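Worksheet: one structure, shown below.
Counting from 1, the numbers follow the sequence of the chain as shown. If you're wondering where the values come from, they're calculated on a predicted model, not measured in any experiment.
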Amino acid sequence: MGISSQLTAIRVLAGAGAARPSRPDRLLGMGLALMRWGFTPAAGWAAGAVRYPHEAAIIDELGAMTFLEIDQASSGVATALTERGVRDGGSIGLLMRNSRWMPIALSAVAKAGADAVLLNTGFGAEQLGDVMQREGIQAVIYDEEFDPLLAEAPADLLRVVGWSDGEVELPTVAELADTPPRLTRPAHRGRQVILTSGTTGTPKGASRSVEGIEPAAAFLSGIPLRARETTVIAAPLFHAWGLAHLGLGLLLSSTLVLSRRFDPERLLALVDEHRASALVVVPVMMQRMLELPEKVRERYDTSSLKVVAVSGSALPGELSTRFMDAFGEVVHNLYGSTEVAYATVASPADLREAPGTAGRLLLGTTITLVDPEGNEVPQGEVGRIFVGNPLLFTGYTGGEDKDRLGNLVASGDLGRFDAQGRLFIEGRDDEMIVSGGENVFPAEVEELLSKHPSVREAAVVGVEDEKMGQRLVAYVVKHAKSVSEDELKALVKDRLARHKVPREVHFIDELPRNETGKIVKRKLQAPDCTESGGGS
C-alpha cells in the first residue's frame with residue numbers, strides 16, 4: 001500500500017473516530033496489544049480494555065459486559081484451552097449463535113494461537129461432521145442446543161459449551177473464563193476460516209487474516225459508522241457480514257447489542273431500548289420487519305438509526321425503497337462474497353436513484369468485468385465480476401481456489417456498470433439460463449415478479465427441456481391477495497422479452513433459505529417443494 005493510500009485510509013479512520021488522540025500510556029497499551037495478537041479480535045478487546053475499560057462492550061440477554069471483562073474472560077478461556085491440549089496452529093470450531101460467548105471464544109482462540117472455524121448453525125449432523133473432519137478440528141465450542149449434532153463426533157474431541165439454558169456436565173466458556181491467565185505470545189497468528197453458504201453444494205472453508213488498516217478503511221469509506229456508538233448486530237456472527245461488523249465494532253470501540261435469535265419486533269425493541277445508531281441485517285430480516293403490522297412498528301422509536309447496513313444476499317430494489325419509506329434514508333447495501341470480502345456499497349441516494357444497484361467501488365477496490373474469453377466488456381454490458389482488494393481470501397482450505405485474473409478473484413457473479421459507475425448484479429455466473437439459445441439472468445425476472453403487489457418474493461430456476469435446452473420455472477410466495485399464474489406470466493411478457501417468460505409458475509408457502517437468508521435454489525426442484533395443486 002502506497003503512502004498516499006495509507007494517508008487516505010488514516011483520514012477515513014480519523015473521520016470515523018477510530019484514530020483519535022489518546023494518552024501516551026494508552027497508546028502504548030494498544031500498541032503492545034497489536035504487537036502481541038496482531039489484527040485479531042484478541043487485540044481489539046485488549047485495546048478496548050485499555051481505552052474504555054469500564055464501558056459496555058457487549059449487551060445480550062444476560063446483560064452487559066465491559067471491554068475489560070471480555071478481555072480478561074478471553075484470556076482465561078485461552079489459558080484453559082491450551083492446558084487442555086489445544087496446540088498452537090490448531091483448529092477450533094465455533095458453533096454458536098449471537099451472544100457474548102461468541103466474541104469471547106473468538107478472542108480466546110486467537111490468544112491460543114489457533115484458527116477459528118466458524119460453523120453454520122444451520123448445518124445438519126452429517127454436513128457438520130464432514131466439515132469438521134476436513135478442517136481438522138481438534139476442539140469445538142458450541143451452544144448446548146447443538147449437542148445432538150455432535151453425537152457422532154470423535155470421543156476425544158474437546159468440547160466446551162457456550163450458551164446453555166441449565167446445568168451441563170461439560171466445561172463451559174463461563175467456567176473457563178475464571179482460569180488465571182498464563183499466556184505467552186503464540187507462534188501462529190490465528191486465522192478465521194469462514195465457510196461458504198453451501199447453496200450450490202458442500203460448504204468450503206475460506207481462510208482469511210487481516211493485516212493492516214486498509215480493509216476497515218474501505219468499509220468505513222462507504223458505510224458511515226462512528227466510534228463509541230451503539231450497533232445492533234442481527235446478522236449471524238459466523239457469517240462474514242456479521243463477523244465484519246464485530247471487527248468494525250472493536251475498531252470503533254462500539255457497544256454491540258446481540259440477540260441469539262432473530263425476531264423482527266424484538267429487533268425494533270432493541271433499537272428503541274438502546275438508542276442504537278446502526279443496525280446490521282441481511283435482506284430477509286428487512287422484509288420481515290416490514291411485514292409487521294404498521295401499528296406494531298409504531299410502538300418503537302427507531303429515529304436514532306443512522307445506518308442500516310445490509311448484505312449477505314441480493315437486495316431487491318423494491319425492498320430497499322419500501323424500507324426507507326418506513327424507516328428513513330438509512331440503508332447502505334454492501335456487495336461482496338466470502339471469497340472477495342467486499343467490493344461495492346450502495347448509499348441511500350444510490351438506492352433511490354437506481355433501485356437494485358449494488359453501488360459504487362469502495363476505497364482501494366478494483367473490479368473488472370470480462371466475457372467468457374477473459375476480455376474486458378464495455379460499460380453497460382454484462383460480464384463475470386473479478387475483484388481486487390486487500391482482504392481477498394487466500395484459497396479454500398481444501399486446496400481448491402476461485403478463478404483468478406491476475407491479482408483479481410472471481411466473485412461468482414455476473415454484473416454490469418451503468419454510466420454513473422454503479423454496479424448491478426445480474427445473477428450467479430453458474431445460474432445463467434440458456435433457453436432457446438437466449439441467455440436469461442434469473443435476477444431480472446425475480447425482481448419484476450417481486451414488484452407485483454400480491455407477490456411477497458420469487459425465485460426463478462432453469463430446468464432441462466428437450467426443445468429449449470432449458471425452460472424457466474418460477475416459484476412464488478404470495479401475500480394474502482390472490483394472483484394467478486397467467487397474470488404473472490403476462491406481467492413478464494409485457495415487460496421483458498418473450499424468452500424470459502417462465503413456462504411454469506409454482507405457488508409455495510416459503511422459499512427455502514439457509515441460516516443467513518440466502519435462497520437455496522437447488523431445493524426448489526425437489527418434488528415436494530410446491531403446494532398441492534400449485535403450478536401450471
Measure the spacing between [atom1] of [X] and [atom2] of [Y] and express it to the nearest 0.5 Å.
| X | Y | atom1 | atom2 | answer |
| --- | --- | --- | --- | --- |
| Glu169 | Asp147 | CD | CG | 10.0 Å |
| Glu55 | Ser254 | CD | OG | 12.0 Å |
| Trp101 | Ser164 | CH2 | OG | 9.0 Å |
| Ser320 | His332 | OG | NE2 | 12.0 Å |
| Met289 | Leu319 | CE | CG | 10.5 Å |

Determine the minimum heavy-atom distance between [X] and [Y], stating which atoms define it.
| X | Y | answer |
| --- | --- | --- |
| Leu258 | Ser99 | CD1-O, 3.6 Å |
| Gly124 | Leu149 | C-CD2, 4.1 Å |
| Thr338 | Leu195 | OG1-O, 4.2 Å |

Quick one: are [X] and [Y] in side-chain contact, heavy atoms under 4.5 Å?
| X | Y | value |
| --- | --- | --- |
| Val280 | Val307 | no |
| Glu69 | Ile58 | no |
| Gln138 | Val86 | yes |
| Ile92 | Asp115 | no |

Output yes when a side-chain donor or acceptor of [X] lies under 3.5 Å from a complementary backbone atom of [Y], and no otherwise.
| X | Y | value |
| --- | --- | --- |
| Asn98 | Ala235 | yes |
| Asp88 | His188 | yes |
| Asp272 | Ala269 | no |
| Asp509 | Val477 | no |
| Arg228 | Ser253 | yes |
| Trp45 | Leu68 | no |
| Glu265 | Val296 | no |

For the pair Tyr396 and Asp401, evaluate side-chain hydrogen bond (donor to acceptor under 3.5 Å, both in side chains) and give the outcome as yes or no after the intermediate values. CA-CA 6 Å; Tyr396 296 117; Asp401 200 359; over 6 Å; no
Out of the candidates Leu362, Thr344, Val310, only one should pair with Leu334 under the side-chain contact (heavy atoms from CB on, under 4.5 Å) rule; please name it. Leu362
Can you spot which of Leu256, Leu243, Leu246 makes a side-chain contact (heavy atoms from CB on, under 4.5 Å) with Leu237? Leu246
Ring pair (Phe, Tyr, Trp, His ring centres under 6.0 Å) assessment of Phe327 paired with Phe323: CA-CA 6 Å; Phe327 294 97; Phe323 193 91; 4.5 Å; yes
Looking at Gln133, I'd like to know if its CD atom is crowded, meaning that more than 12 non-hydrogen atoms belonging to other residues, nucleotides or ligands lie closer than 6.0 Å. no
By side-chain hydrogen bond (donor to acceptor under 3.5 Å, both in side chains), which residues pair with Ser311, not counting sequence neighbours? none
Angle between ring planes, His245 versus Phe219, binned at 30° and 60°: parallel, tilted or perpendicular? perpendicular
Pick one: which of Arg159, Arg100, Arg97, Arg260 meets salt bridge (Lys or Arg N to Asp or Glu O under 4.0 Å) with Asp143? Arg260
Show your working on side-chain hydrogen bond (donor to acceptor under 3.5 Å, both in side chains) between Lys111 and Ser74 and close with a plain yes or no. CA-CA 8 Å; Lys111 288 180 177 180; Ser74 64; 3.0 Å; yes
Looking at Glu291 and Arg288, is there a salt bridge between them, counting it only when a charged N and a carboxylate O are closer than 4.0 Å? yes
